[in-house]
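Single-structure report; data block below.
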Amino acid sequence: HYTIENSKYSRIQISRIAQAIYITPMDENLSPKAYPLASLHFTGTIMDVMEQCKNNQQIKKGTNEVVNTLKKGRAELIVLAADAQPIEVVLHIPGICETKNVPYVFVQSKIALGRACGVDAPIVSSVILKKEDSQLKNIVDGLKFEIERLLI
């Protein structure tokens, strides 16, 4: 049993950590069509990077915004929710990503993706924007490398 008093984190930090890492385990809501699917640990990393990018105004959310950003060539990385209902609302995006040579990944929870993007509503798709002078460029590049490793 672990108590807050023994923790090096404050009550608020623990609450934020719990919200960030709470993700529905693999269940019947996840589509088998969602590939590549990030592990729970990797999903947590993706959510952390998404939150940092949100604070840097480097995020767009929603399927229409994602598609428009992809078509304009401003997309660095696409994150999709594997529990979107129906999954077909996002399944056209990977085809566009492959055409534009933009990496994409499915995460297990649209609720967690929404929280990482700074909204309380579930989000089924989001994009990290290209920003050459961004202080997060190395972090996003590392994330892209790990996503490409999922495909091997």
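Atom set for the values below is all heavy atoms of this structure, side chains included, hydrogens, waters and symmetry mates excluded.
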Test side-chain contact (heavy atoms from CB on, under 4.5 Å) applied to L136 and V49, step by step | CA-CA 8 Å; L136 300 172; V49 173; over 6 Å; no

Working to the nearest 0.5 Å, report the span between CG of L113 and NZ of K110.
-> 11.0 Å

Rounded distance [0.5 Å steps], OG1 in T69 versus CD1 in I96 = 11.0 Å

Rounded to the nearest 0.5 Å, how far apart are NZ of K130 and NZ of K137?
-> 8.5 Å

Do the side chains of M47 and V107 get nearer than 4.5 Å, heavy atoms only?
-> yes

Could you state the interatomic distance from CD1 (I46) to SG (C53), rounded to the nearest 0.5 Å?
-> 11.5 Å

Do L30 and F106 have side-chain heavy atoms sitting under 4.5 Å apart?
-> no

Between V90 and T63, does a side-chain contact (heavy atoms from CB on, under 4.5 Å) hold up when you go through it step by step?
-> CA-CA 7 Å; V90 295; T63 304; 4.1 Å; yes

Give the cluster check for V89 versus L91: same hydrophobic cluster or not, with ILVMFWY residues linked at side-chain heavy-atom distances below 4.5 Å.
-> yes

Below 4.5 Å, heavy atoms only, C-beta onward: do F145 and P103 meet side chain to side chain?
-> no

Any donor-acceptor N/O pair, Q108 side chain to S39 backbone, under 3.5 Å | no

Indicate the atoms forming the closest heavy-atom contact of A82 with L37, along with that distance.
-> CB-CD1, 3.7 Å

How many angstroms lie between SG in C117 and CD in E51, if you round to the nearest 0.5 Å?
-> 10.0 Å

Electrostatic pair R149-E146, nearest N-O below 4.0 angstrom = yes

Is the shortest heavy-atom distance from the side chain of L129 to the side chain of I59 under 4.5 Å?
-> no

Rounded to the nearest 0.5 Å, how far does NZ of K61 lie from OG of S125?
-> 11.0 Å

Can you establish whether the number of heavy atoms outside Q135 located under 6.0 Å from its atom CD is more than 12?
-> no

Sequence-distant partners of N55, side-chain hydrogen bond (donor to acceptor under 3.5 Å, both in side chains), two or more places apart | none

Got Y104 and P36 here, is their nearest side-chain heavy-atom distance under 4.5 Å?
-> yes

Given N56 and S134, is the side chain to side chain donor-acceptor pair (under 3.5 Å) satisfied, shown in steps?
-> CA-CA 8 Å; N56 204 23; S134 172; 3.2 Å; yes

Pair E76 + K131: basic N to acidic O under 4.0 Å | no

Do Y35 and L151 come close enough that some side-chain heavy atom pair is under 4.5 Å?
-> yes

Is it the case that more than 12 heavy atoms not belonging to D133 sit under 6.0 Å from its CG atom?
-> yes

Could you check if a side-chain atom of Q52 sits within less than 4.5 angstrom of a side-chain atom of I139, using non-hydrogen atoms only?
-> yes

Please tell me if the side chains of I78 and I93 come closer than 4.5 Å, counting only heavy atoms from C-beta onward.
-> yes

Atom of L70, atom of A75 and distance for their closest heavy-atom approach | CD2-CB, 3.9 Å

Can you get from I111 to V66 by hopping between Ile, Leu, Val, Met, Phe, Trp and Tyr side chains that sit under 4.5 Å apart?
-> no

